[in-house]
Amino acid sequence: MQYWLMKSEPAEVSIDHALAAKDSTVAWTGVRNYQARNFMRDQMRIGDGVLFYHSSCAEPGIAGLAEVASTAYPDPTQFERDSHYFDPKASPENPRWMLVDVRARRKTRLLSLTELRADPALASLQILQRGSRLSITPVTPDEWQGIMQKLELK
DNA sequence: GCCAACGTTGGC
DNA sequence: GCCAACGTTGGC
């Protein structure tokens, strides 16, 4: 069992969105970075813990908890001509982009980027590293625990 | 809107 | 395989 932090723009898919979806589950479409894709394709397992992070918004930070709900499969948006995520180099026979389903578990109080940065125990979080842009990053058990503590969850 | 940092592309 | 040019991310 592993832990992950997954960024989503709340204007696209927020934690509220995800919770309101059928089975509280959304397909994690639109990842177009190989490293992030490889995490989903090669390392994610059903049941892995996910920190649901809101990015590119007024208050960036961790907004909820979720879990990986499927193994990887081709991102359908890569084949949709009208999609912003269309990839002309991808074909159903030769898909380039994979995704997993993510099931939202609960909304949390907003653990802001500022608050994350202020905690020395969380300094190792990958998203806090200089220049880090990856939309999906692994989270260590210690980091996960630290965040649960801050959220006063188990 | 700015811009630092990083990723991707494509000519050579 | 190098690397300059370009595109993207994402906080501010």
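Chain letters run A, B, ... following the sequence lines, proteins first and then strands; every chain starts at 1. Just so it is clear, the structure is predicted and the values come from calculations on it, not from any experiment. Values reported hereafter were calculated over all heavy atoms of this structure, with side chains retained and with hydrogens, waters and symmetry mates removed.
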Self-check item: Any residue of residues 51-64 of chain A with a heavy atom less than 4.0 Å from an atom of DNA chain C
Solution: A:Y53, A:S55, A:S56, A:P60
Quiz item: Are side-chain N/O atoms of A:R96 and A:Y34 paired as donor and acceptor at under 3.5 Å?
Solution: yes
Quiz item: Would you call A:K107 and A:D16 a salt bridge, using N to O less than 4.0 angstrom?
Solution: yes
Quiz prompt | Contact interval (first through last nucleotide) of DNA chain C with protein chain A, 4.0 Å heavy-atom | solution = C:dG7 to C:dC12
Quiz prompt | Minimum heavy-atom distance between A:A66 and A:V102, given as atom pair plus value | solution = CB-CG1, 3.6 Å
Quiz item: Do A:R32 and A:D87 sit within salt-bridge range, that is, some charged N less than 4.0 Å from a carboxylate O?
Solution: no
Quiz item: Only one of A:V50, A:I147, A:T137 forms a side chain to side chain contact (heavy atoms under 4.5 Å, CB included) with A:L5, so which one is it?
Solution: A:T137
Quiz item: Does the pair A:E115/A:R109 count as a salt bridge with the N-to-O cut at 4.0 Å?
Solution: yes
Exercise. Give the intermediate values and the outcome of ring pair (Phe, Tyr, Trp, His ring centres under 6.0 Å) for residues A:F52 and A:W28.
Key: CA-CA 11 Å; A:F52 197 111; A:W28 209 259; 5.5 Å; yes
